[in-house]
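Read through the structure below, which is laid out as structure tokens, and then see the notes.
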Amino acid sequence: MNHLKIGMIGFGEAARAFASGWTRPDGAVFIAYDIKIADPHSASQIVAACAELDVRHADEARQALSGAGIIFSLITADQALPAARDAAGWLEAGALYFDCNSCSPSAKIIAAEAIEAAGGRYVDVAVMSPVHPARHLTPLLVSGPHAQAAIEALEHFGMKPKSVGKKVGQASSIKMLRSVIIKGMEALTAESMLAARRVGVENAVIASLQASDPGIDWARRSSYNLERMMVHGARRAAEMREVAATVRDLGLPDRMSAAIADWQDEIAALSVPADIDDLGSRADSILERMDEERGKGAAVVR
């Protein structure tokens with residue numbers, strides 16, 4: 001893999017986490033493009049991060065993709081399909097295209113068709129846990145006809161992938177349907193704990209949960225769940241809309257997934273700092289902002 005060019009579409013938290021831990025093949029060149037490069041403030045942050053991680057920055061997608069033998073797509077779920085279609089115009093023949101975005105299997109199948117038609121090799125990748133602190137060692141599931149080649153390439157970077165099938169959509173299905181539980185627990189936490197805090201019974205609710213399931217530190221987990229929504233709620237909401245589409249594609253009602261997306265968006269939109277890790281303090285901060293929004297006439301409580 002000497003003198004290999006690795007292109008990255010999106011250089012946010014996940015891309016930076018991966019790049020900071022990668023084993024770097026001799027002579028390999030890493031170059032990243034992020035749509036936020038057009039914004040002066042974001043551009044300066046992206047360029048600084050690239051320099052810190054020994055990654056070159058590109059001013060346009062074509063610059064990052066042309067001649068790249070491996071491409072990582074690490075962007076928001078709603079932009080993944082347009083990015084794949086755009087990438088198809090600049091792909092090197094035989095390039096591995098790692099779609100690491102939280103999209104529905106049907107969206108990934110359409111993206112794969114665009115990449116494959118252009119001569120690329122599409123790989124469905126599911127990122128199965130937060131990228132910190134594990135960084136490049138974050139568990140990855142891969143699927144598709146090029147899964148074996150994908151495993152070899154990812155392992156060359158020191159990553160820890162696992163193949164789950166030869167069909168595009170298998171990895172993303174696992175990710176999507178797991179998220180109903182993981183992101184759903186976060187939404188349930190918000191609804192339960194905010195209401196409990198409102199009437200001053202959150203300690204009793206926590207104690208009851210602790211008695212029912214002592215294997216979980218319910219106060220700590222509840223605080224963590226709120227923090228995930230406060231910091232990453234917008235991205236999680238986008239993912240849950242993809243989950244809802246996945247469930248609908250399977251002929252099942254998506255009422256839980258849709259509600260989870262609403263709660264994730266709700267908390268994220270409040271822009272409450274998550275720097276205090278005490279459950280009560282976090283709940284109070286969220287409730288205070290909700291009340292402020294209600295006072296402005298915003299329907300923040302459904």
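Throughout, residue positions are numbered sequentially from 1 according to the sequence presented.
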Would you call Arg235 and Glu13 a salt bridge, taking side-chain N to carboxylate O under 4.0 Å as the test?
-> yes

Note: Tyr122 and Val168 closest approach over all heavy atoms is CE2-CG1, 3.7 Å

Salt-bridge test for Arg282 and Glu227: reply yes if a basic N is under 4.0 Å from a carboxylate O, no otherwise.
-> no

Step by step, work out the side-chain hydrogen bond (donor to acceptor under 3.5 Å, both in side chains) result for Ser106 and Asp249.
-> CA-CA 8 Å; Ser106 59; Asp249 286 344; 2.9 Å; yes

side-chain contact (heavy atoms from CB on, under 4.5 Å) evaluation trace for Lys162 with Leu140 | CA-CA 6 Å; Lys162 177 183 177 182; Leu140 303 176; over 6 Å; no

Between the side chain of Ser143 and the main-chain N/O of Ala171, is any donor-acceptor distance below 3.5 Å?
-> yes

Electrostatic pair Arg294-Asp291, nearest N-O below 4.0 angstrom | yes

Roughly how far apart are Lys183 NZ and Ser257 OG, rounded to 0.5 Å?
-> 11.5 Å

What is the minimum heavy-atom distance between Ala43 and Ile37, and which atoms define it?
-> CB-O, 3.2 Å

Please confirm whether the backbone N or O of Met185 pairs with a side-chain atom of Thr189, one donor and one acceptor, at under 3.5 Å?
-> yes

In this structure, which one of Arg236, Arg221, Arg228 forms a side-chain hydrogen bond (donor to acceptor under 3.5 Å, both in side chains) with Glu186?
-> Arg236

Glu52 CD: over 12 foreign heavy atoms closer than 6.0 Å = no

Kindly say whether Gly94 contributes a backbone atom to a donor-acceptor pair with the side chain of Arg121 at under 3.5 angstrom?
-> yes

Compare all side-chain heavy atoms of Thr246 with those of Leu177 and state whether any distance is below 4.5 angstrom.
-> yes

Please test Ser179 against Glu239 for side-chain hydrogen bond (donor to acceptor under 3.5 Å, both in side chains), starting from the C-alpha separation and ending with a verdict.
-> CA-CA 8 Å; Ser179 288; Glu239 177 182 327; 2.4 Å; yes

Atom pair CD/CD1 of Glu113 and Ile110 - distance to nearest 0.5 Å | 6.5 Å

Other residues, nucleotides, ligands: >12 heavy atoms within 6.0 Å of Ile35 CD1 | no

Evaluate the salt bridge (Lys or Arg N to Asp or Glu O under 4.0 Å) criterion for residues Arg220 and Asp278: first the C-alpha distance (whole Å), next the side-chain angles of each, then the deciding distance (0.1 Å), finally the verdict.
-> CA-CA 8 Å; Arg220 182 175 180 179; Asp278 174 70; over 6 Å; no

Gap separating the CG atom of Asp59 from the CG atom of Asp34, nearest 0.5 angstrom | 12.0 Å

Separation between SG of Cys100 and CG of Leu154, rounded to the nearest 0.5 Å = 7.5 Å

Scanning both residues in full, the closest heavy-atom pair of Arg241 with Ala261 reads CG-CB, 4.1 Å

Looking at CG of Leu81 and CG of Asp86, how far apart are the two atoms once the value is rounded to the nearest 0.5 Å?
-> 11.5 Å

Would you check if the side chain of Gln170 reaches a backbone N or O of Gly144 as a donor-acceptor pair within less than 3.5 Å?
-> no

Is it possible for you to say whether Ile46 and Val131 belong to one hydrophobic cluster, with membership spreading through side-chain heavy-atom contacts below 4.5 Å?
-> yes

Single-linkage hydrophobic cluster Leu250~Ile109, side-chain heavy atoms < 4.5 angstrom | no

Would Val205 and Ile286 show up in the same hydrophobic cluster when neighbours are defined by side-chain heavy atoms closer than 4.5 Å?
-> yes

Determine, step by step, whether Leu287 and Arg198 satisfy the side-chain contact (heavy atoms from CB on, under 4.5 Å) criterion, reporting the C-alpha distance in whole Å, the side-chain angles of both residues, the deciding distance to 0.1 Å, and the verdict.
-> CA-CA 8 Å; Leu287 289 169; Arg198 178 78 84 184; 3.8 Å; yes

Evaluate side-chain contact (heavy atoms from CB on, under 4.5 Å) for Ile31 paired with Gln63, printing each intermediate quantity in order.
-> CA-CA 8 Å; Ile31 184 166; Gln63 184 182 352; 4.1 Å; yes

Backbone of Phe11 reached by a side-chain donor or acceptor of Arg16 within 3.5 Å | yes

Which of Met229, Glu191, Met290 passes side chain to side chain contact (heavy atoms under 4.5 Å, CB included) with Glu266? Answer is Met290

Any donor-acceptor N/O pair, Ser222 side chain to Trp218 backbone, under 3.5 Å | yes

Between Trp22 and Phe72, ring centroids under 6.0 Å | yes

So, is the end of the Arg24 side chain (NZ or CZ) under 6.0 Å from the ring centre of Phe30 and within 45° of the ring's axis?
-> yes

What's the shortest heavy-atom distance between Tyr97 and Ala84, and which atoms?
-> OH-CA, 3.4 Å

State, without any angle test, whether Ser172 and Asp124 hold a side-chain donor-acceptor pair at a distance under 3.5 Å.
-> yes

Joint cluster assignment, Leu53 & Tyr33, ILVMFWY side-chain distance < 4.5 Å | yes

Say whether, by atom type as modelled, one donor and one acceptor occur between the side chain of Ser44 and the main chain of His41 under 3.5 angstrom.
-> yes

Do other residues, nucleotides or ligands put more than 12 heavy atoms under 6.0 Å from the CE atom of Met256?
-> no

Closest non-hydrogen atoms of Ala14 and Leu74, given as atom of the first, atom of the second and distance, are CB-CD2, 4.1 Å

Under 6.0 Å from the CD1 atom of Ile181, do we count more than 12 heavy atoms belonging to anything else shown?
-> no

Look at the side chain of Arg197 and the backbone N and O of Ala283, then say whether any donor-acceptor pair between them is shorter than 3.5 Å.
-> no

With no hydrogens and no angle check, is any side-chain donor or acceptor of Lys108 less than 3.5 Å from a backbone partner on Asn101?
-> yes

So which heavy atom on Pro25 is nearest to which on His156, and how close?
-> CG-CD2, 3.5 Å

Please examine the side chains of Asp265 and Ile260, heavy atoms only from C-beta on, and report whether any two atoms are closer than 4.5 Å.
-> no

Transitively linked via ILVMFWY side-chain contacts under 4.5 Å: Trp263 with Val247?
-> no

Please confirm whether the backbone N or O of Ala17 pairs with a side-chain atom of Ser20, one donor and one acceptor, at under 3.5 Å?
-> yes

Any luck finding a side-chain donor-acceptor pair between Gln148 and Ser163 under 3.5 Å?
-> no

Test side-chain contact (heavy atoms from CB on, under 4.5 Å) on Ile9 and Ile71 and set out the steps.
-> CA-CA 7 Å; Ile9 302 302; Ile71 297 163; 4.2 Å; yes

Is there side-chain contact between Ser102 and Glu242, with at least one heavy-atom pair below 4.5 Å?
-> no

Mind checking the CD1-CE spacing from Ile182 to Met240? Nearest 0.5 Å is all I need.
-> 10.5 Å

